[in-house]
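Contents: one structure, followed by commentary.
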Amino acid sequence: MTNILIVDDDIHILNLIRIHLSEQGYQVFQAKDGMAALETLQKQHCDLAVVDVMMPFMDGFTLTKEIRRRYSIPVILLTAKNQIEDKEQGFEAGTDDYLVKPFEPKELSFRIKALLRRYDKQPQESLLQIGNTRINKKSYEVTIADRTILLPLKEFELLYFLMANPMRVFTRDHLIQQVWGFDYDGDVRTVDVHIKRLRERLLPYTDDFHIKTVRGVGYSLEAKRE
């Protein structure tokens, strides 16, 4: 089932979209502001986000930038404004489409279907492979030869980021920002814990790469040399 995240501080809009998209066969997740939306995305894989521009705590433009930085999913911005400057700001933030309120739910449904088709036809940036190890960000699966491994979400996202940037050294702070988000206020040593768990989970199955500790700096993923 396709998962859609709806982000709007208007409960009536949330319910209207939820009812319509649920009837279309989508699984709908709701958030009333940008911070709640990011928390939802950390816990639940979503295939597309519909984001209102005017929201408390974090506006839709900022949220779109955060989604674009962390995830490879399409975004549709909703706004009551119809000024060219607002559209420009929306596309600069990284939105894929723009819908002005009030709108017909059917039109939103058409745009969602079009974007999902477009993303399905794109080169599979969500697929990364080193040796016999393949990681799929759409299915959140790690495949090693003929074995499939399901990792906890943060371990998966950490591995995906490192595999997407092999041979580069990242500080713990950088990894926290990329995987846990700018609003994370926990101990950066959580990176060490997740790296340790990744090594323990993957070591019995692959030597295609190893996650190297760079003393005094952070971590780097290095592919096995032939």
Side-chain angles (χ1 to χ4, degrees), residues 2-3 5 37-49 64-75 94 96 116 118-226:
T2 301
N3 296 336
L5 173 64
L38 291 177
E39 290 177 3
T40 298
L41 286 170
Q42 288 179 357
K43 300 174 183 176
Q44 177 64 52
H45 169 68
C46 292
D47 300 285
L48 181 144
T64 298
K65 289 179 182 178
E66 280 299 307
I67 293 175
R68 184 62 65 234
R69 181 173 70 84
R70 303 186 196 186
Y71 307 99
S72 180
I73 63 172
V75 178
D96 296 274
L116 291 174
R118 188 192 311 169
Y119 266 64
D120 284 341
K121 291 178 180 178
Q122 286 182 346
Q124 296 300 305
E125 296 179 358
S126 59
L127 295 176
L128 298 176
Q129 185 164 351
I130 295 179
N132 291 320
T133 304
R134 189 177 187 184
I135 185 167
N136 187 331
K137 199 169 185 180
K138 282 193 173 183
S139 63
Y140 280 73
E141 294 178 342
V142 178
T143 304
I144 302 172
D146 58 352
R147 179 185 295 270
T148 297
I149 300 174
L150 296 177
L151 298 174
L153 181 59
K154 288 305 173 189
E155 290 180 33
F156 178 92
E157 292 180 345
L158 180 58
L159 178 62
Y160 184 90
F161 179 76
L162 290 171
M163 282 187 64
N165 299 277
M167 309 304 292
R168 291 181 58 187
V169 179
F170 295 101
T171 65
R172 293 177 178 85
D173 285 334
H174 191 112
L175 293 172
I176 284 288
Q177 291 176 13
Q178 290 294 325
V179 178
W180 281 264
F182 72 95
D183 57 328
Y184 178 78
D185 58 1
D187 190 338
V188 295
R189 292 295 172 178
T190 192
V191 174
D192 300 338
V193 174
H194 282 72
I195 291 290
K196 181 175 182 291
R197 290 175 180 168
L198 273 176
R199 287 168 171 164
E200 291 172 348
R201 293 183 201 277
L202 298 175
L203 183 60
Y205 305 115
T206 182
D207 63 351
D208 292 327
F209 58 84
H210 73 281
I211 302 174
K212 178 182 178 183
T213 300
V214 181
R215 190 175 299 276
V217 182
Y219 296 99
S220 174
L221 185 144
E222 297 187 356
K224 177 183 177 182
R225 295 182 180 179
E226 298 297 337

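Note that the numbering runs from 1 along the sequence shown for the chain.
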Determine whether Ile73 and Leu5 satisfy the following criterion, side chain to side chain contact (heavy atoms under 4.5 Å, CB included), listing intermediate values before the conclusion.
CA-CA 11 Å; Ile73 63 172; Leu5 173 64; over 6 Å; no

_I'd like to know whether Arg189 forms a side chain to side chain contact (heavy atoms under 4.5 Å, CB included) with Arg172, so could you lay out the CA-CA distance, the side-chain angles of the two residues, the decisive distance to 0.1 Å, and finally the verdict._
CA-CA 8 Å; Arg189 292 295 172 178; Arg172 293 177 178 85; 3.3 Å; yes

- Message: One pair to check against side chain to side chain contact (heavy atoms under 4.5 Å, CB included): Met167 and Glu222. What are the steps and the verdict?
- Response: CA-CA 5 Å; Met167 309 304 292; Glu222 297 187 356; 3.7 Å; yes

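A donor-acceptor pair under 3.5 Å is formed between the side chain of Asp47 and the backbone N or O of Asn3. A donor-acceptor pair is defined here as one N or O able to donate and one able to accept, closer than 3.5 Å; no such pair exists between the side chain of Lys154 and the backbone of Trp180. Put simply, the side chain of Arg199 gets close to the backbone of Ile211: a donor and an acceptor are under 3.5 Å apart. With hydrogens and angles disregarded, a donor-acceptor distance shorter than 3.5 Å links the side chain of Asp96 to the backbone of Val75. Listed for the Asp208 side chain is a donor-acceptor partner under 3.5 Å among the backbone atoms of Asn132. Side chain of Glu66 to main chain of Arg68: no donor-acceptor pair is present (N/O by atom type, distance under 3.5 Å, no hydrogens or angles).
Looking only at side-chain heavy atoms (C-beta outward), Ile135 and Phe156 come within less than 4.5 Å of each other. At least one side-chain heavy atom of Leu159 sits less than 4.5 Å from a side-chain heavy atom of Phe209. Using a 4.5 Å heavy-atom cutoff, the side chains of Thr171 and Val217 are in contact. When side chains are defined from C-beta on, Gln178 counts as touching Arg69, because their heavy atoms get closer than 4.5 Å. Side-chain contact between Leu162 and Ile195: present, with at least one pair of heavy atoms (C-beta onward) separated by less than 4.5 Å. Side-chain contact between Ile130 and Thr206: absent, with no pair of heavy atoms (C-beta onward) separated by less than 4.5 Å. With a 4.5 Å cut-off on side-chain heavy atoms, Asp192 and Tyr219 count as touching. Taking the side chain as every heavy atom from C-beta outward, Leu151 and Leu158 never approach each other to under 4.5 Å.
The number of heavy atoms from other shown groups lying within 6.0 Å of NZ (Lys65) does not exceed 12. In the displayed structure, Arg134 atom CZ is contacted under 6.0 Å by at most 12 heavy atoms of other residues, nucleotides or ligands.
With respect to Glu200 and Lys196, a salt bridge is recorded, a charged nitrogen being found less than 4.0 Å from a carboxylate O.
Taking CD of Glu141 as the reference point, atom CD1 of Ile149 lies at 11.0 Å (rounded to 0.5 Å). Taking CG of Leu48 as the reference point, atom OH of Tyr71 lies at 14.5 Å (rounded to 0.5 Å). Gln129 contributes atom CD, which lies 7.5 Å from atom CE of Met163 (distance to the nearest 0.5 angstrom). To the nearest 0.5 Å, the span separating CZ on Arg70 from CD1 on Ile67 amounts to 9.0 Å.
A tilted orientation is assigned to the rings of His174 and Phe170, their planes being inclined by 30° to 60°.
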